[in-house]
Structure formats: C-alpha cells, structure tokens
Amino acid sequence: MIKSRRFNLLQHASIFGCNVIAAFQPENIFYLTGFWGEAIAICTESGASLLVPKLEVGRALQESKECDVIPTERGNDLIYSLISKIDRKVTCTDCNDQNIISIIQNQIGKKSFIVNVEPFLLTRIIKDKEEIKMIEQAAKILDRLYSICIDEIKAGLSERELQAKLLFEAMLMGTYPTSYKSSLNPFIIAGGPNGALPHAQVSDRKFIKGDLIIVDLTLRYMGYIADATRTFALGKATYEMKKVYDIVKRSQQAGLDALCSNISCSEVDAICRRIISEEGYSECFIHSTGHGIGLDVHEPPWLRIKNEEILKANMAVTIEPGIYLQGKFGIRIEDTVIVGNQSNGGTRILNAFTKDLIELD
C-alpha cells in the first residue's frame, strides 16, 4: 500500500512538473513512510528516504516501511541533507516554514522547489483498503464510547468530567486524541444551552434534568481519524426537542441515502439542508453538511453549498446536519462514511450506534 501511495502522489505531482516529493508535515510523512514524527520524507521513482534527527532514528527504524532511514542533525544539517538529495530535480513540497523554503530556494532555485499541497490532497482524498480499515476501527471505538455515555451521563456530572472519562477509556482502547488549532479540547461535549454553539468548548457546567447533550467525538487510531456525533436527552425530552431531533435525523438520513460516487458535494448539502429549511429552521443550520476525514479531522472534500466537486468511491466523509436554538439547545447527528460506487451502491456507514433519541434517567 505504501508503494502505491508514493506512486500515486508522484503521478499527481508530475501534473505540476515535479518528479520528487519532499514531505514535511507529519500527516504526509506518515502517509508515505508509516512514521509519525520529526522528519522529512523524500520520494522519487527509485524509492523513498526518511531524513530524521538522531534522537528519532531508533523509532524511525522500527516504524517506517520500505524506505531508507538517514540520520542527521536538527536544524540546518537536516535542511542541507535534503538539498543534497534533491539538487537538480524539481521537487513538490508541503513545507510551510518560509525560512526553510527561502534557504532551499536560494540554493536550488524557486522553480526547483515548488510549494504545493494540492498533489498531497489529491492523493490522500481516495482511501486505500488499509486506510479504510483504520478509519473503520476508529469508528467502532467511538460507538463503544457512546455506549459508555449511556452509563455515565447523570445529573450533576460536568461536561469536563464526561470528557475525562471518555478520554481515559479511549486511550485504553488504543486511540489518541486529535487536536485542532481552533479548540482547547479534543471533544465537543455541550449540555443545555451550550449545545447551541456548534463548536462549544468543554466547560465545568453540570448536566441537569431536561438537558439535551451533544457529544461530538473524534479519535485517531493508527494514524487515522473517525468523527461522529450523538445527542442525548437527560430526562424526558420536550415536544419541541423531539420535533427538532426528528428533523435533524431525517435530514442526516437523506444525506446518507444520497451519498454515492458521481454526486456533487453541493447536492448532498442541498438535500440535507432542504429538509431542515422546509420545516422552518433554515437559519438554525449554520455550518456545512460534512467534510472529508482521514489523517486530518477536516480535509477535502467539503460537503457545502458552493462546492461542485464530484464525490468518488472510497472517499471518507462525514454527514452531520444540525439545528441550533440559541439559549435553548442544539442537536447534531454525525457519522463517518465511506463513499460507494453509484452503479452498485456500497456506501458504508461506519458508525453503528443508534440514532434514535435516547432519554437517560
């Protein structure tokens, strides 16, 4: 699988006139070598090399696949080791450090070191069997955590305490928390009026009877991420809560039913959005319907209004419509899904935990 990923990435890079790949970002290094850490991965038609600081050599030798591990020092030694490897070649890179880019381009020329993340994204957007297996396992672990929620959510428990319990169990199951630059927390756990904030920060607010509680979980397993959301009721849900929940559930199911290759991202978004709009809640669905997922929590394709990109088989995406009533509550339902072929179906919903509204005692 690693060799086919490298071949596909080189093919995409060749469209931009490049014949070498230099990956700096951990996600892309891992994609090409199986090693997640401080390094630079270099790929050519003849093979792959991994430049690593000496403190990472032992782990790189253990974890990397089908590549030469080349020890170097940190800093300029690492950069000049790269330059010696790619000199007189046209290299595509995902490097985002302007100082490093300037050093390399001053040595080999701007036209020989091209910063372009598109080949990386074009390649990673289609998942291979091994990647799908890892995402699927991550999704199964999320389902197990939702079963734990049924036992753990009680009046008097805080959002922060629930996050801690779930993180503890998740790490025992072999997963790792993801991280976002825009959030201080790995999960979104939002009770009552906090649920009306789609990206609510976990707080010390304690759950009370009558709350709707959004539990949005993302976890990484063997590098790959699954993302799911369920909304629980603590105590008896009101008529309004049940009505809105049913609308979101129908919207999400319509998106899942429509999902296949050869449909556009905007069409899937429109299908979900139409159901919510027809019920009078268009202004309360304030984010896109979904996003791609894999080595990043959010990556292409983007399932949103103005994206005409066509979905293809073996893309991994989320479907997650929501309705948010400020000062009252929010409801979101989300699954991680593998897109199937239009001709023979095959779209797979990786999260099996029920989407019926659960009313907890």
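Note that this is a predicted model, so its numbers are computed, not measured.
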*Kindly check if the number of other-residue, nucleotide or ligand heavy atoms within 6.0 Å of NZ (Lys65) is above 12?*
no
*Side-chain touch Lys85/Ile70, heavy atoms, less than 4.5 angstrom*: yes
*Quick check: does any side chain N or O of Glu359 sit under 3.5 Å from a backbone N or O of Ala237, one acting as donor and the other as acceptor?*
yes
*Crowded around Gln326 CD? As in, over 12 foreign heavy atoms under 6.0 Å?*
yes
*When rounded to the nearest 0.5 angstrom, what is the spacing between NZ in Lys249 and CD in Gln252?*
10.0 Å
*Spacing of Ile293 atom CD1 and Ile135 atom CD1 [to the nearest 0.5 Å]*: 7.0 Å
_Worked verdict on Arg220 versus Asp296 for salt bridge (charged side-chain N to carboxylate O under 4.0 Å, His left out)_ = CA-CA 9 Å; Arg220 190 185 297 276; Asp296 284 311; 5.4 Å; no
*asked:* Within the supplied structure, the quantity of interest is the number of heavy atoms (other residues, nucleotides, ligands) at a distance under 6.0 Å from Lys209 NZ; does it exceed 12?
replied: yes
*Answer yes or no: is there a donor N or O on one side and an acceptor on the other, between the side chain of Asp143 and the main chain of Ala352, under 3.5 Å?*
yes
*Using 4.0 Å as the upper bound for N to carboxylate O, is an ion pair formed by Arg160 and Asp204?*
yes
_Tell me if a side-chain donor or acceptor on Glu56 pairs with a main-chain N or O of Pro53 at a distance below 3.5 Å._
no
*Same hydrophobic cluster for Leu167 and Tyr221, using side-chain heavy-atom links shorter than 4.5 Å among ILVMFWY?*
yes
*Report yes or no: do Ile225 and Tyr176 belong to one cluster of Ile/Leu/Val/Met/Phe/Trp/Tyr joined by side chain heavy-atom distances under 4.5 Å?*
no
_Common cluster, Val202/Leu157, ILVMFWY with side-chain heavy-atom separation under 4.5 Å_ = yes
*Using a cut-off of 6.0 Å, state whether more than 12 heavy atoms not belonging to Asp361 lie near its atom CG.*
no
*May I ask whether Met241 and Ile323 are part of the same hydrophobic cluster, defined by side-chain heavy atoms of I, L, V, M, F, W, Y residues being less than 4.5 angstrom apart, directly or through others?*
yes
*Would Ser288 and Leu303 count as a side chain to side chain contact (heavy atoms under 4.5 Å, CB included) if you check the C-alpha gap in whole Å, the side-chain angles of each, and the deciding distance to 0.1 Å?*
CA-CA 6 Å; Ser288 62; Leu303 279 70; 5.9 Å; no
*asked:* If you count every heavy atom of other residues, nucleotides or ligands that lies below 6.0 Å from Lys312 atom NZ, does the total exceed 12?
replied: no
*Verdict with reasoning, Ser261 to Leu311, per side chain to side chain contact (heavy atoms under 4.5 Å, CB included)*: CA-CA 5 Å; Ser261 60; Leu311 292 171; 5.7 Å; no
_same_hphob_cluster(Tyr224, Ile141) at 4.5 Å side-chain heavy-atom cutoff_ = yes
*Supply the atom-to-atom distance Ile104 CD1 to Asn99 CG, rounded to the nearest 0.5 angstrom.*
10.0 Å
*Would you check if Asn96 and Gln25 make a side-chain contact, meaning some heavy-atom pair closer than 4.5 Å?*
yes
*Just checking, any donor-acceptor pair under 3.5 angstrom between side chains of Thr44 and Ser46?*
yes
_Phe16, CZ atom: more than 12 neighbouring heavy atoms under 6.0 Å_ = yes
*Answer yes or no: is there a donor N or O on one side and an acceptor on the other, between the side chain of Asp211 and the main chain of Ile213, under 3.5 Å?*
no
*Within residues 115-174 or reaching into it, pairs that qualify as ring-ring contact (aromatic ring centres under 6.0 Å, His included) - sequence neighbours excluded*: Tyr146-Phe353
_Between Arg74 and Glu38, does any side-chain N to carboxylate O distance fall below 4.0 Å?_
yes
_How long is the straight-line distance from CG of Leu350 back to CG of Leu142, given to the nearest 0.5 Å?_
10.0 Å
_Presence of salt bridge, Glu130 and Arg5, under 4.0 angstrom_ = yes
*How far does OG of Ser282 sit from CZ of Arg273, to the nearest 0.5 angstrom?*
9.0 Å
*Sole residue of Ile21, Leu121, Asn116, Thr123 in side-chain contact (heavy atoms from CB on, under 4.5 Å) with His12*: Thr123
*asked:* Any non-hydrogen side-chain atom of Ile126 less than 4.5 Å from a side-chain atom of Met315?
replied: yes
*Which atoms form the tightest heavy-atom contact between Ser203 and Asn194, and what is the distance?*
OG-ND2, 3.5 Å
*Test Leu145 against every option in Glu169, Arg230, Glu152 by the side-chain contact (heavy atoms from CB on, under 4.5 Å) rule and name the one that passes.*
Glu169
_Using modelled atom types and a 3.5 Å cut-off, is there a donor and acceptor pairing between side-chain atoms of Thr289 and backbone atoms of Pro321?_
no
*Can you tell me if Thr33 uses its side chain to pair, donor with acceptor, with the backbone of Phe35 under 3.5 Å?*
yes
*Main-chain N/O of Ala22 paired with Thr91 side-chain donor or acceptor, under 3.5 Å*: no
_Note, Leu219 side chain near Met173 side chain (heavy atom, < 4.5 Å)_ = no
*Counting N and O atoms only, with roles assigned by atom type, does the side chain of Arg332 sit under 3.5 Å from a partner on the main chain of Gly195, one being a donor and the other an acceptor?*
no
_Where Val52 and Ala39 come nearest, the two heavy atoms and their spacing_ = CG1-CB, 3.5 Å
_Positive for side-chain contact (heavy atoms from CB on, under 4.5 Å) with Ile319, one of Val268, Asp335, Ile333_ = Val268
*Would you sort out whether His199 and Ile188 count as a side chain to side chain contact (heavy atoms under 4.5 Å, CB included), showing the intermediate values?*
CA-CA 7 Å; His199 286 168; Ile188 297 171; 3.9 Å; yes
*Any side-chain heavy atom of Leu212 within less than 4.5 Å of one from Tyr245?*
no
*Report yes if some heavy atom in the side chain of Gln201 is under 4.5 Å from a heavy atom in the side chain of Asn185; otherwise report no.*
yes
*So, are Lys242 and Asp246 salt-bridged, with charged N and O less than 4.0 Å apart?*
no
*Which is it for Arg6 and Cys67 under the side chain to side chain contact (heavy atoms under 4.5 Å, CB included) test, yes or no, and what are the steps along the way?*
CA-CA 11 Å; Arg6 294 170 185 165; Cys67 65; 3.8 Å; yes
*Validation row: Arg205, Pro193 side chains within 4.5 angstrom (heavy atoms)*: yes
*Hey, are the side chains of Ile103 and Asn76 touching, using non-hydrogen atoms and a 4.5 Å cut-off?*
yes
*Short side-chain to backbone donor-acceptor contact, Ser277 and Arg274, under 3.5 Å*: no
*What pairs of residues pass the ring-ring contact (aromatic ring centres under 6.0 Å, His included) test when at least one of them lies in residues 262-308, not counting sequence neighbours?*
Tyr180-His298, Phe285-His287, His287-Tyr324, His291-His298
*Taking all non-hydrogen atoms of both residues into account, name the closest pair between Pro71 and Val57 and its distance.*
CB-CG2, 3.6 Å
*Between Glu131 and Asn314, is any side-chain donor less than 3.5 angstrom from a side-chain acceptor?*
no
*Any idea which heavy atoms bring Cys260 and Val339 closest together, and the distance?*
C-CG1, 3.5 Å
*Does Asp227 offer a backbone N or O that forms a donor-acceptor pair with the side chain of Thr336 under 3.5 Å?*
yes
*Supply the atom-to-atom distance Arg124 CZ to Glu27 CD, rounded to the nearest 0.5 angstrom.*
6.0 Å
